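Everything below concerns the one structure shown next.
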Amino acid sequence: MSVPERAPPRLRFAPSPTGFFHVGGARTALYNWAVARRLGGTFVLRIEDTDEARNRPEWTEGIIESLAWIGISADDPTFEGPYFQSSYAADHVEAAARLYQSGAAYYCDLTPDEVQARAKAGGKPGYDGFSRDRGLEPAPGRVLRFRVPDGATVVSDLVRGEVEFDNEHIEDFVLLRGNGTPMFLLANVVDDAAMAITHVVRAEEHLPNTPKQQMLWQALGREPPTWAHVPVLVNEQRKKLSKRRDKVALEQYRAEGYLADAMVNYLMTLGWAPAGETEIVPWSRIEAEFRLEDVNHAPAFFDLKKLAAFNGEYIRMLPLDEFIARCDEWLPPDWDRAVFARMAEHVQTRVVTMADVAPMVDFLFLPDPEIDEGSWNKTMASEFSAPLLRDVVEAFDSTAFVAAELKTTLEVIAERHEQKLGKAQAPVRVAVTGRTVGPPLFESLEVMGRDETLRRLRATLERLERHE
RNA sequence: GCCCCCAUCGUCUAGUGGCCUAGGACACCACCCUUUCAAGGUGGCGGCACGGGUUCGAAUCCCGUUGGGGGUGCCA
């Protein structure tokens, strides 16, 4: 038995070189990466650079960094690049010349305004093929247009099946501008051909351009690549995620304390689902199971709430010591790490993002708790608060300062004031932490220590008495 | 306008003609647990856009309607 010969796939990813990396782009990159890894191929990053991008190397660095964050490692031989479109500029012009010589393209001297005027007069949108048979020679100001053949172009797409386009609706599009520079479409195809790209996986917004690119491949005498147009990501209004309206920058999610693993896992469930009972699966399984053929056809809503749920779950999956280690960069440098470590297990089950960590335990490190007025008013208004606090101060002065003892002590006091423990702990909590909600109280007190606890309780009593 | 794509709970999905009185996840609600808040556990609410076919049988195939999205540059 012989294994069928098959060239290893080369997939390319061509993000627009703006200064940030989009979650939609991240998902497409992940799709590419998963396929390249599973099939033992290569994933090529090619930046479609513009003049502006060429002057901003940090944009490319940002893309590389973002890809690294979501696990697409530049160290891995599967990953190649970045390459730049401009490095193939000579090839673009050469290919255009070949197309002209073979008759697959022709020159046209109409200005955009003239093209539009003719379209309006003819009642048909787009360029009408005016210069097709005029035999114009190349000259400054003249554009090179592709001669779209009659018939139909069938795009064979891994996620959508066969999509047929009637060539009658495709105008003779521009290959070279009047100044001789190549258009994106041409450059793109020439680059892909030169780099021996076998799979083009991109967002579905590119589907209408695909027949044009496919015809170019064929006119250049090359076998077109395998296409895969994946659905776009949309906002709550079902519109494509946009930089202006929506929070789309990958960097922003990192800055807000989302874990890369959670982000990757969530992104992959948009348009696809791993087999089995749960959507929370490690990348190793995604890589092994992901198929472009299984990707959904409909746009998917990027749901922040579900991302948050995934993130919380990923945080809770972390072994405690790793959670502590990961918290380090989220804590102010002057906070005592040993103190935090004692509280970490209580923090871990309560945070949604890493950015929630510090605010949850800040009262332990601040010279004084930041009193939330709403919490104060609600809690201290109770008749029993002041007298109970007085009892607590007295009792805490002598009880062993460990959580279990503190709890027992407060239980006794609560009973004396005819309150349930849930009610009785509230004024203590507000006095010491400044809020009605937070990590478990007695554990917090134990970590805080007797002196500081008593100081805060007394300060609270003073404030209460002043107001009476 | 023209071209293309799409359509399962509010959301993300499973489902590829009988295993579907449609399964899971997020969200929401209730209860349990409980020192607040979480976490965890249990349960609940909730969907095949509509109309025609095809078939013994349709969420699944075909046609149409409606609704959504994308594309229509000498932008990328």
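Quick caveat, the model's predicted, so the values are computed rather than measured. The chains referred to below are lettered A, B, ... by the order of the sequence lines, with proteins before strands, and numbering in each begins at 1.
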Length of the line joining [X]:[atom1] and [N]:[atom2], which is rounded to integer Å:
| X | N | atom1 | atom2 | answer |
| --- | --- | --- | --- | --- |
| Met183(A) | rU72(B) | CE | C1' | 13 Å |
| Phe302(A) | rU13(B) | CZ | C1' | 16 Å |
| Trp272(A) | rG15(B) | CH2 | C1' | 16 Å |
| His206(A) | rC3(B) | NE2 | C1' | 17 Å |
| Tyr266(A) | rU11(B) | OH | C1' | 8 Å |
| Leu270(A) | rA25(B) | CG | P | 18 Å |
| Tyr107(A) | rC74(B) | OH | C1' | 13 Å |
| Phe301(A) | rC26(B) | CZ | P | 16 Å |

Between [options], which nucleotide gets closest to the side-chain atoms of [X]?
| X | options | result |
| --- | --- | --- |
| Pro208(A) | rG24(B), rG71(B), rA39(B) | rG71(B) |
| His169(A) | rA76(B), rC26(B), rC2(B) | rC2(B) |
| Arg145(A) | rA7(B), rC74(B), rU13(B) | rC74(B) |
| Lys306(A) | rC6(B), rC74(B), rC12(B) | rC12(B) |

Paired with [N]: which nucleotide, if any, by Watson-Crick or G-U wobble criteria at under 3.5 Å for both distances?
| N | answer |
| --- | --- |
| rA25(B) | rU11(B) |
| rG64(B) | rC50(B) |
| rC74(B) | none |

On a whole-Å scale, what distance lies between the [atom1] atoms belonging to [N] and [M]?
| N | M | atom1 | answer |
| --- | --- | --- | --- |
| rA14(B) | rU60(B) | C1' | 13 Å |
| rA22(B) | rG46(B) | C1' | 13 Å |
| rU8(B) | rA59(B) | C1' | 7 Å |
| rC6(B) | rU42(B) | P | 39 Å |
| rC4(B) | rG43(B) | P | 49 Å |
| rG44(B) | rC63(B) | P | 40 Å |
| rG47(B) | rG69(B) | P | 24 Å |
| rG15(B) | rC20(B) | P | 14 Å |

What does [X] touch in the nucleic acid at a heavy-atom separation under 4.0 angstrom: a base, only the sugar-phosphate, or nothing?
| X | result |
| --- | --- |
| Phe184(A) | base |
| Gly126(A) | nothing |
| Leu110(A) | base |
| Gly180(A) | nothing |
| Ala309(A) | sugar-phosphate |
| Val174(A) | sugar-phosphate |
| Phe165(A) | sugar-phosphate |

Side-chain N,O (Asn209(A)) to OP1/OP2 (rA76(B)) below 4.0 Å
no
Just to confirm, is there a sub-4.0 Å distance from OP1 or OP2 of rC75(B) to any side-chain nitrogen or oxygen of Arg177(A)?
yes
What do you reckon, is [atom1] of [X] surrounded by more than 12 foreign heavy atoms closer than 6.0 Å?
| X | atom1 | value |
| --- | --- | --- |
| Glu418(A) | CD | no |
| Gln116(A) | CD | no |
| Glu370(A) | CD | no |
| Glu394(A) | CD | no |

Do the charged groups of [X] and [Y] touch, with an N to O distance under 4.0 Å?
| X | Y | value |
| --- | --- | --- |
| Asp172(A) | Lys212(A) | no |
| Arg46(A) | Asp191(A) | yes |
| Glu94(A) | Arg98(A) | yes |

Please tell me which of Arg27(A) and Lys305(A) maps to the more 5' nucleotide of RNA chain B, matching each residue to the nucleotide holding its nearest heavy atom.
Arg27(A)
Judged by nearest nucleotide, the residue sitting upstream toward the 5' end of RNA chain B, Ala298(A) or Phe310(A), is Ala298(A)
Between Glu256(A) and Lys247(A), does the salt bridge (Lys or Arg N to Asp or Glu O under 4.0 Å) criterion hold? Intermediate values first, please.
CA-CA 12 Å; Glu256(A) 287 177 7; Lys247(A) 193 172 79 176; 2.9 Å; yes
Is Arg142(A) close to Cys108(A) at the side-chain level, that is, under 4.5 Å between some pair of heavy atoms?
no
Are Ile70(A) and Leu250(A) side-chain neighbours, meaning at least one heavy-atom pair lies under 4.5 Å?
yes
How would you list, by chain and number, every residue that makes a ring-ring contact (aromatic ring centres under 6.0 Å, His included) with Phe184(A), sequence neighbours excluded?
none
N/O-N/O pairs, protein side and nucleotides 60-69 of chain B side, under 3.5 Å:
from: rG69(B); atom 1: OP1; to: Lys239(A); atom 2: NZ; distance (Å): 2.3

Could you list all N or O pairs between the protein and nucleotides 40-49 of chain B that sit under 3.5 Å apart?
from: rG40(B); atom 1: OP1; to: Arg316(A); atom 2: NH1; distance (Å): 3.4

For His346(A), check side chain to side chain contact (heavy atoms under 4.5 Å, CB included) against everything at least two apart and list the hits.
Met343(A), Arg350(A), Pro439(A), Pro440(A), Glu443(A)
Not counting sequence neighbours, list each pair that qualifies as a side-chain hydrogen bond (donor to acceptor under 3.5 Å, both in side chains) and has a residue in residues 297-306 of chain A.
Glu279(A)-Lys306(A)
What string of B, S and - do you get for nucleotides 30-37 of chain B 5' to 3' if you count protein non-hydrogen atoms under 4.0 Å?
-----BBB
Where does the angle between the aromatic ring planes of Tyr253(A) and Phe302(A) fall among parallel (under 30°), tilted (30 to 60°) and perpendicular (over 60°)?
perpendicular
Would Tyr100(A) and Tyr107(A) count as a ring pair (Phe, Tyr, Trp, His ring centres under 6.0 Å) if you check the C-alpha gap in whole Å, the side-chain angles of each, and the deciding distance to 0.1 Å?
CA-CA 8 Å; Tyr100(A) 170 64; Tyr107(A) 280 92; 4.9 Å; yes
